Each structure stands twice: as C-alpha cells, then as structure tokens.
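Take a look at the structure set out below.
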Amino acid sequence: MLLLFTPLVTQPVQIFFIVLAVILLAPVVFNRLKIPHLIGLILAGLVIGPYGLGILASDRSFAVFGQVGLLYLMFLAGLEIDMFNLRLNLRRGLWFGAMTLFIPLVLGVASSLWLLKLDWLTSLLLGSMYASHTLLAYPVVTRYGIAKSRPVLIAVVGTIIAVIGALLVMAVVVNAHRYGIDSYFGLLRLIVGLFVFVVAVMWLYPRITRWFFNKYSDKVTQYVYVLTMVFLAAAVSQLIGLEPVLGAFLSGLVLNRYVPASSPLMGSIEFVGNALFIPYFLISVGMMINLGVIFNPDTLMVAAVMLTVAIVSKWIPARISAITEKMSRADEGVMFGLTAAHTAVALAVVTLGHDMGLLDQRVLNATIVVILITCALAPIIANINAPRVKMAMIHKADETRDPHRLTARNRINNTLVPCANVRSAEELTELAVLMRNLLGHSSLYALHVRNENTPLARSRSRETLQAASRVAQAADTPVTCLERYDINVATGILNVIEERDITEVILGLHRRLSFIDSFLGAKVEQLLKSTNKMMLISRLLGNLSTTARIVVYVPAKAEYESGFSRWVRAVARLTTQLGCRVIFCCTDSVQPLIRGVLYQENYDVRCEFYPCESWDDFITLSPRVRDDDLLFVISARPASVSYSADMSEMPTFLQRYFTSNSIVVIYPEQFGENAAPPMSFSDPLSSDIATGASPLWQRLKGLASRRKRQ
C-alpha cells in the first residue's frame, strides 16, 4: 500500500536502480508463475509506469533506452541468423513474406473501410500497420536453440519483406496526403533512397569491417565499432524516411559474417543486449500502456475489430505456409508467434497518422490495446511451440545418423592449447573455441610450461593463462588452465597429453631465430615424433572473423589415415562458425569421403572441390589463394600411409609463397588412438624424449659434478 503514495522518482540514480531491480526480479517472479519473462518485463513496466503505480515517469530516458533496445533486438535477430540455411529457405521466406505483407494489408483496408467507416487513405495507413510486425519473440527461439530451424528462418525472411513493404505503403499514404493522390515524387525518392542505402551498406560495411578487425584486435574496441555501425545504419535509414529498425536489421545481416556465433565478441554483444538494452525496451513498452482509456466502450469496439484483424491476418500466412511446405503445427505456431507482435512500426504508423489528422484518439488507444495483447500473445505462443520444434529437430537428426558409428553427441574431444605468451594464448584459444564440438563431450585445456622456478617466470605463466581464460570465458566456454614446471616444453606437453587424454593439440608456429632453424621448430618436430594425436600448427596474421574462404590442401591417400574424419569435422566446425566457404583441393577419390563426413555429421557448410592429384597441382593453384583466405595444409608424419617425399618441400613452399597468409598445418591422428607411434630405424629414440635420463648418464653426471667441486 505504501507504493500507492510513493512520489514520482526523478533522480537518475534511483531511476536506474529501480529499472535494474525490475530486470533482476521480474523474470524470477514470473517464471515461477509460468509466464514468459518477456511478458513479465512488459507487465512490470505497466506496474511501475505512469499509468500503474506511478513510480517512474515515461520520460526521455526511457524513450532513448527503449529505442536503443528495439534496435538492439532487431540487430541481434539479423546477427544470429544462419546465412547458409537462410539461403536454402530464401524462396520459402519470400513467399511467406509476400503473404504476411499482402494478406494483413488487404484485410486491414477492407475492415477499416467497411467496419470502422474510415476513408481510403486512413484505411491504407492502418493496413500498413497490420502488415508490419516485430520479432519480439525472437529471444524465446534463441533460448531453445532453434534459431537455425526452417520455420524461424522463414519468419525472419518474411519480416524483412513485411517491414519494407509496410514502410513503402506508409510512404505512399504520407506522400498522397501531403502532395495529392497523383504525386509520385515522394514514393520514387523513397524507393531510390532505399536501393542506394541497401547497396551502400552491403558494399561498404564488409570492407570497412575487414580492415578494422585486422587492424584492431581488442574486443572492447571491436564491440564499440559494431554498435557504431549498427546505429549509423539506423540513423541513415531514418534520414531517408524509413524506420531505423530496418537499418539495424540490415546491419546485423551484413555483420553476421564477421561475428562468429561462438566468438568472444558475440558473447559480449548478447550479454549486454540481454542484460540491459532489450529489457529496457520491454519495460518502456509496458509503461506506454494506459489501462484507463482501454475500457472505454468505443475504444473496446474499435480494439476488438483491430485485434481480430491483427491476429487472423498473421495466422493465415503461417497456416498456408505450413500446409504448402508440409510443416508441423509446432512450426506453424513458431512462425505465427514470431510475426504476431506489433510494436515499433505500429506505433510509428498510428503516431504519424494521428499527427497528420488521419487517425482519431479512439484508433490511437485501440492500437495500444493491439500492441499490449499481441506483445503478450506472441511470446506465449512461441514459448509453447518452440520445445516441440526442438524435439522434432533432435528426433530427425537421430533418425538420419548411423547408429553403429560415433556421433557428434557422444564423441569426446579434449583439446590442449599450449600457450607461450599472452598474444599466442589469445589467438590459439579463440581458434580452439571456434573449432570445438558444441554437441559432444568437449574439454578445453590451456597449458603453459615453464622450466624456470623464479617469481618472474611464475608471473609470466599466470598472465598467459589468464589471457586464455578471458578469451574462453567471453565466449562462454569452460577452460581448465594448467601451469606446469618441467625439464622442457615438449616433455611438459607430452605429459599433459597422457594425463588428460588429449585428442587434439593446437600450437602456434614458432618464429625462426636463425637461418638454420626449421619451419616447424625443434619442439614441434619432437612432439610429432612422440605422439600420434592430431596436431594443428597455426600462424594467424589477421582476425579469424575476416576470413573470406578456407582453402584445404588434402594429399593423396589422406583418407587412409585413422584421423581423417576428425580433421574434416574440425575444419567443418570452423567453417560453420566463420560462415565462409571451404574449398578442398584433393584427389577425386577423397571427394565422396569428405562429403560423406559432412553429410553424416549434418554440417551445413558451403563446400567446393578442386581436383588436385599431387603437390605440383597445388602449386599451380596457389596463385588463386588470396590474402584474406585461411590456408589449411593436411600433412603427415614420416612412415605414415599418406606421407610422400613432396611433403619435405612443403615448409619451403609455404615460406616462399604464403608469407601474407594465415596458415594452419594439420598432422592428423595416425596409427590409431591408443597405439604408440612406431619406432624409426633411423631414429630409434624418437619416441623417448619424455623419459628421464638413463641411470648411466645420471651416474656420470654426478661423478663430474663431484670432481668439479673438488
């Protein structure tokens, strides 16, 4: 009861505290009541707003943060889309978008003319309001992990078509009201402006982003850059007469390619949006609701008509698409839930119509009712159907898998990242995060081996491991940091491989310190001789997210190695995260086997194949490898099946022709998972570097030290 007499809070610190308290407590309270937290935040905004208990006023701060939250929501919707699956469902999405635009438009105009007795211009303006919608329920589908499913992708494409079409219709009405029904200048200007804007964003943004990410690797700087580009696109979109949500959504689609889903940058973007900006937007929506004017009889009558049209006109396209595409009722419910909410464009349409004198107060209040109910209904419908879609996806994936072989869900991947310094720790950990198996039992270990027991060495070790931990935690990936004191680095790595049952090791390529130094370095060569686990030796010159293509050279007979499928899966996971193409340069006999691994594991990647029968064929293809490509070279250990004399020339060739390229050399797992590497006749002690010194050597060393002391 005391809250009813609480004066309006006006102090910025108190306002921000109340908002944060609502963001913290509303999901907790409403989840206990089985109410989606999106609805909980809207209802919480209604309670604390000027039309509820009057604790907070819907002032300029909520207008600013609410608009930022809406743009952030639309930006995330574009950023989290799987572009590969989007292309596969583009035709279906365009068909659904046309229906979800024209069906609400036609029903809206007809109901406004015949039931509400409005004129043509006003009816057309309301029709554009019905046609538009906001992806308010998108956080629901992302929480259930179905953002890449077919109904979600179709709904997202439909959103693009519907929003653009609704804005064009609104522009026609505004142009006709200002200049007359026969004036087409305003509409032509809008269409030309829209075309130039889309082309400019799609051409400029990738080039600027690639340059910026390669020049500045700091994640905070990259995050600020991404937000700057998003709001730049939104501001330009507003200047040419469109809604800023279109610019934010388009920037998300374009930047999608440069923000991998498992990257630390993506983790930061999602964290800030879901923790602050999007809840602020939902609270601001609730604060606009005035329950006092809703229960007016005239308002209720108009609201009933408008609400019926708004719901039915969005359900019909979902129903038709489900029938024509043979989708389930759950898929239909997800599409309807994503397209049922009316917020941003609806408010813009009715506010503009009210300011121009086309819409009266009655229609304005009824629109608030439509916004309230559709915003409450859309997340509920999505929340009911999303688990069913998720279960259907799991069952379908299980049915297509071979039950007699290991699958991604029960395969174990233990990745070790030996870090020499802070820079290599950040680069290698990010590569390991992007290549990890998201479905199986994967563990990530960061290791720093030191052979000095001084305070400076211990401090350097802690700094290196903390850098690796920061990168992994930013990507929401658990990592185990290991600090080890051993006689040498190679021995420490080998001991950890055995202790932790490591399946793959990701190393950085060393810097040559002398002319006679080898390409891989003595430590890596020792490791290759002493373990049969898959090893990746990387030299990354730029940001991974700016990779245009992945080019993989596969030697002849590579399919006979026991680790063949493991490295194919690793490359496919990285390709999926980066959203780029992968080009396999291999023999004709390897192509179907690579395709088989990708198909069995359900990796949706754009892959191409170039015939490459020998190392000489790859040399002829090397000029086609661009500076922004990531080159994978599949090598082999000596005495293995796929090893050839040409591989001895590989280091010289890479040093000479790929100095400006990022390179990853993969030595696949060989000789089986548990078998020890074979002992070479020419190098019989090659597999014994991890063992201690012999007793004879220790006795001679002790005798020499005693004579020296004497």
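Worth saying up front: this structure is predicted, and the values here are computed from it rather than measured.
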Under the rule for side chain to side chain donor-acceptor pair (under 3.5 Å), what residues qualify as partners of S424, not counting sequence neighbours? N421
May I ask you to check whether over 12 heavy atoms, not counting those of F102, lie within 6.0 Å of atom CZ? no
Is the shortest heavy-atom distance from the side chain of M335 to the side chain of M327 under 4.5 Å? yes
Could you state the interatomic distance from CD1 (I666) to CD1 (I506), rounded to the nearest 0.5 Å? 9.0 Å
Name the orientation class of the two ring planes belonging to F212 and Y216 (parallel below 30°, tilted from 30 to 60°, perpendicular beyond 60°). tilted
Looking at every heavy atom in both T339 and H133, which two are closest together, and how far apart are they? O-CB, 3.2 Å
Side chain to side chain donor-acceptor pair (under 3.5 Å) filter on Q466, not counting sequence neighbours, yields none
P206 versus V201, closest heavy-atom pair with distance: CD-O, 3.7 Å
Mark yes or no for whether N274, through its side chain, and E270, through its backbone, hold a donor-acceptor pair below 3.5 Å. yes
Using modelled atom types and a 3.5 Å cut-off, is there a donor and acceptor pairing between side-chain atoms of T100 and backbone atoms of G97? no
Start with the C-alpha gap between Y72 and L227, add the side-chain angles, then the distance that decides, and say whether side chain to side chain contact (heavy atoms under 4.5 Å, CB included) holds. CA-CA 9 Å; Y72 212 104; L227 285 193; 3.6 Å; yes
What's the verdict on ring-ring contact (aromatic ring centres under 6.0 Å, His included) for Y258 and Y205, showing C-alpha distance, side-chain angles and the deciding distance? CA-CA 10 Å; Y258 303 98; Y205 270 38; over 10 Å; no
Side chains of Y603 and T575, heavy atoms from C-beta outward: is any pair under 4.5 Å? no
Given I154 and W95, is the side chain to side chain contact (heavy atoms under 4.5 Å, CB included) satisfied, shown in steps? CA-CA 9 Å; I154 292 175; W95 166 241; over 6 Å; no
Excluding sequence neighbours, so at least two apart, what forms side chain to side chain donor-acceptor pair (under 3.5 Å) with N661? none
Restricting to salt bridge (charged side-chain N to carboxylate O under 4.0 Å, His left out), what partner residues turn up for R92, sequence neighbours left out? E325
Going by heavy atoms in the side chains, are V334 and V140 under 4.5 Å from each other? no
A side-chain contact here means heavy atoms from C-beta on lying under 4.5 Å apart; do I278 and L76 qualify? yes
Please verify the inter-ring angle class for F65 with Y280; under 30° counts as parallel, over 60° as perpendicular, anything in between as tilted. parallel
Answer yes or no: is there a side-chain heavy-atom contact under 4.5 Å between T503 and R566? yes
Is any side-chain N of the basic residue among E504 and R569 closer than 4.0 Å to the acidic one's carboxylate O? no
Residue pair L578 / S545: nearest heavy atoms and the distance that separates them: CD2-CA, 4.1 Å
At what distance, to the nearest 0.5 angstrom, does CG of L255 lie from CE of M266? 11.0 Å
May I ask you to test the M99-S321 pair for a side-chain heavy-atom distance under 4.5 Å? yes
Output yes when a side-chain donor or acceptor of N214 lies under 3.5 Å from a complementary backbone atom of N543, and no otherwise. yes
Show your reasoning for whether side chain to side chain contact (heavy atoms under 4.5 Å, CB included) applies to Y144 and V389. CA-CA 9 Å; Y144 282 102; V389 174; over 6 Å; no
I need the T429 OG1 to L444 CG distance, nearest 0.5 Å. 6.5 Å
State the CG-CD1 distance between L101 and I161, to the nearest 0.5 angstrom. 8.5 Å
Flag for S442-N437: side-chain donor and acceptor within less than 3.5 Å: no
Are the side chain of R606 and the backbone N or O of G579 linked by a donor-acceptor pair below 3.5 Å? yes
Taking side chain to side chain donor-acceptor pair (under 3.5 Å) as the test, write out the residues that go with S469, two or more places apart. Q473
Go through it in stages, so that I can follow the logic: the residues are L71 and F281, the test is side chain to side chain contact (heavy atoms under 4.5 Å, CB included), and I'd like the CA-CA distance, side-chain angles, deciding distance and then a yes or no. CA-CA 9 Å; L71 298 181; F281 160 66; over 6 Å; no
In terms of ring plane angle, is the pair F609 and F584 parallel, tilted or perpendicular, where the classes change at 30° and 60°? parallel
In residues 230-240, what donor-acceptor pairs under 3.5 Å come from side-chain atoms, sequence neighbours left out?
{"unit_1": "S237", "atom_1": "OG", "unit_2": "E243", "atom_2": "O", "d": "2.9"}

Shortest non-hydrogen contact between A558 and V554, atoms and distance: CB-CG1, 3.6 Å
Euclidean distance, T221 OG1 relative to L265 CG, rounded to 0.5 Å: 11.0 Å
Nearest heavy atoms of D476 and R436, plus distance in Å: O-NH2, 4.3 Å
Does L507 offer a backbone N or O that forms a donor-acceptor pair with the side chain of S538 under 3.5 Å? yes
Are V156 and Y138 side-chain neighbours, meaning at least one heavy-atom pair lies under 4.5 Å? yes
Could you report the tightest heavy-atom contact between A131 and K314, atom names first, then the distance? O-NZ, 2.7 Å
How many angstroms lie between NE2 in H342 and OG1 in T134, if you round to the nearest 0.5 Å? 8.5 Å
Are V226 and L79 packed together at the side-chain level, in the sense that at least one heavy-atom pair is separated by less than 4.5 angstrom? no
